[in-house]
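Only one structure is covered here, and it is reproduced in the block below.
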Amino acid sequence: MKKLLALMLTGVMVLGMAGCGSSSSTETTTETEEAEVEEETEEVEAEAEETEEAADADSDLAYVQEKGTLVVGITDFEPMDYKDEDGNWIGFDADMATAFAESLGVAVEFVEIDWDNKILELDGKTIDCVWNGMTLTDEVMSAMDCSNAYSSNSQVVVLAADVAEDYADVESLADLSFAVESGSAGEAAAEDNGLSYTSVSNQANALMEVAAGTSDAAIIDLLMAEAMVGEGTSYEDLTTGVVLVDEEYGVGFRQGSDLVELLNEFFAESYADGSMTEIATTYGIENSIIAQ
């Protein structure tokens with residue numbers, strides 16, 4: 001009897017120990033599973049954060065909004081970008097750039113650049129866009145992502161008014177010396193037509209060369225010529241002559257920039273509500289604006 005009782009007690013103890021072992025094992029398993037789930041969640045969150053950071057790194061919009069400014073590369077180019085009496089940048093491009101920056105929730109900053117280095121400035125992030133009556137050439141469009149064209153223009157010869165009638169066609173220009181802006185469409189026009197030229201830092205300096213008599217003529221943008229030469233201007237003795245090439249203006253951003261689409265949308269809205277035409281009228285270029 002005693003042996004039977006002992007055997008029964010032993011069985012109960014074994015079962016009890018087995019039950020305790022099962023409970024402990026279940027708790028350990030649950031804790032392990034919870035730890036694994038937590039670890040997997042942290043990994044997913046980390047990956048999502050890395051993906052978001054990578055997307056932000058590739059986003060010009062995020063970059064511009066984080067620093068709070070849209071830095072615009074320009075030259076002194078009336079009526080597109082030039083300074084008023086108080087030293088503030090105004091002009092059609094300057095006013096449009098200011099309005100676009102406001103739509104992004106940032107301030108605008110204008111930086112004068114060497115036009116010949118505009119691509120280097122853009123890629124080096126010293127500027128965020130080139131917005132200065134920039135001609136949409138093959139070179140420009142292969143190196144930048146560009147907006148839709150917003151204005152038409154031409155490259156035109158500017159020379160002394162008293163000799164203009166002697167230079168009425170391209171063939172008659174062969175003996176003249178020209179001043180052109182380095183890296184500009186005017187320089188390209190001089191090369192394409194086999195003309196002798198000297199490169200200067202900007203179009204305003206090209207006009208100064210002609211006024212000073214150090215160059216016979218300049219090749220500059222028609223929109224600038226209409227604003228700066230002839231009666232009532234600083235260069236009353238100069239006039240426009242032969243039109244060498246017709247072209248269109250656009251704004252250049254870094255390749256892959258998400259600001260391009262936003263600017264195209266801004267242009268479309270500004271054209272539709274009349275504000276683009278209103279600004280253009282302020283600077284006398286309303287007839288050059290391209291429908292958006």
Side-chain angles (χ1 to χ4, degrees), residues 73-83 89 91-94 111-121 130 132-140 151-249 283-285 288:
I74 61 170
T75 64
D76 190 344
F77 172 17
E78 187 178 353
M80 310 310 279
D81 294 297
Y82 64 103
K83 289 183 177 180
W89 286 104
F92 176 76
D93 281 348
V111 175
E112 283 191 86
I113 60 173
D114 182 336
W115 195 246
D116 208 23
N117 293 331
K118 55 187 176 292
I119 296 170
L120 293 175
E121 297 275 6
V130 182
N132 189 75
M134 182 177 70
T135 302
L136 294 174
T137 63
D138 291 341
E139 178 188 8
V140 162
S151 175
S152 58
N153 182 53
S154 300
Q155 292 300 314
V156 63
V157 173
V158 173
L159 69 174
D162 59 359
V163 299
E165 63 181 18
D166 297 329
Y167 301 97
D169 53 41
V170 175
E171 289 72 21
S172 64
L173 305 176
D175 295 331
L176 298 181
S177 62
F178 287 84
V180 298
E181 180 182 44
S182 179
S184 70
E187 184 178 64
E191 291 178 351
D192 291 345
N193 288 280
L195 303 175
S196 175
Y197 67 88
T198 299
S199 297
V200 295
S201 59
N202 56 53
Q203 294 187 95
N205 286 345
L207 286 180
M208 291 176 62
E209 291 282 326
V210 181
T214 51
S215 293
D216 297 321
I219 302 173
I220 66 171
D221 290 51
L222 177 61
L223 293 183
M224 182 180 191
E226 289 178 337
M228 296 193 66
V229 306
E231 186 177 353
T233 71
S234 300
Y235 298 102
E236 291 189 331
D237 295 334
L238 302 182
T239 190
T240 56
V242 179
V243 173
L244 297 177
V245 61
D246 293 321
E247 60 194 24
E248 294 179 333
Y249 287 159
Y283 298 101
I285 66 166
S288 299

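Not measured: the values here are computed from a predicted model.
- Side-chain atoms of Glu226 and Ile285, non-hydrogen and from C-beta on, never get closer than 4.5 Å to each other.
- By the 4.5 Å heavy-atom criterion applied to side chains, Lys118 and Val140 are counted as neighbours.
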Pair Gln155, Asp221 - check side chain to side chain contact (heavy atoms under 4.5 Å, CB included), show working. CA-CA 5 Å; Gln155 292 300 314; Asp221 290 51; 3.3 Å; yes
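- In this view, Glu191 and Tyr197 satisfy the side-chain hydrogen bond (donor to acceptor under 3.5 Å, both in side chains) rule, not counting sequence neighbours.
- Rounding to the nearest 0.5 angstrom, the gap separating the CD1 atom in Ile220 from the CG atom in Asn205 is 11.5 Å.
- Between the side chain of Asp114 and the backbone N or O of Ser201 there is no donor-acceptor pair closer than 3.5 Å.
- Between Phe77 and Asn132, the shortest heavy-atom contact is CD2-O, 3.5 Å.
- Between Ala217 and Leu176, the shortest heavy-atom contact is CB-CD1, 4.5 Å.
- Under the 3.5 Å distance criterion, the side-chain polar atoms of Thr233 are matched with a main-chain donor or acceptor of Met228.
- Using a 4.5 Å heavy-atom threshold, the side chains of Tyr283 and Glu78 count as separate.
- Residues passing the side-chain hydrogen bond (donor to acceptor under 3.5 Å, both in side chains) test with Glu187 are Ser199, sequence neighbours excluded.
- In this structure, the side chains of Asn193 and Ile219 stay at 4.5 Å or more apart for every pair of heavy atoms.
- In terms of heavy-atom proximity, Leu223 sits nearest to Ser288 at CD2-OG, 3.3 Å.
- Ser215 meets the side chain to side chain contact (heavy atoms under 4.5 Å, CB included) test with Ser177, Ala179, Glu209; sequence neighbours excluded.
- The side-chain heavy atoms of Thr240 and Val229, taken from C-beta on, include a pair separated by under 4.5 Å.
- Looking only at distances, no side-chain donor or acceptor of Thr135 sits under 3.5 Å from a matching main-chain atom of Thr137.
- Tyr167 has its side chain out of reach of Val157: every pair of non-hydrogen atoms, C-beta onward, lies at least 4.5 Å apart.
- When side chains are defined from C-beta on, Trp89 counts as touching Glu112, because their heavy atoms get closer than 4.5 Å.
- The minimum heavy-atom distance linking Gly183 with Asp116 is given by the pair CA-OD1, 3.3 Å.
- Atoms CG and CG, from Asp216 and Leu173 in turn, are 10.5 Å apart once rounded to the nearest 0.5 Å.
- Going from atom CD of Glu165 over to atom CG of Leu159 covers 10.5 Å, rounded to the nearest 0.5 Å.
- For Ala204, the side chain to side chain contact (heavy atoms under 4.5 Å, CB included) partners two or more places apart in sequence, or in a different chain, are Asn202, Met224.
- Asp81 places a side-chain N or O within 3.5 Å of a backbone atom of Ala94 that can act as its donor or acceptor partner.
- In this structure, Ser154 and Val243 approach most closely via the heavy-atom pair CB-CG1, 3.7 Å.
- Minimum heavy-atom separation, Leu244 to Ala189: CD1-CB, 4.1 Å.
- Side chains of Glu181 and Thr75 form a contact here, defined as non-hydrogen atoms less than 4.5 Å apart.
- Under the side chain to side chain contact (heavy atoms under 4.5 Å, CB included) criterion, Asp138 pairs with Met141, not counting sequence neighbours.
- Under the side chain to side chain contact (heavy atoms under 4.5 Å, CB included) criterion, Ser234 pairs with no residue, sequence neighbours left out.
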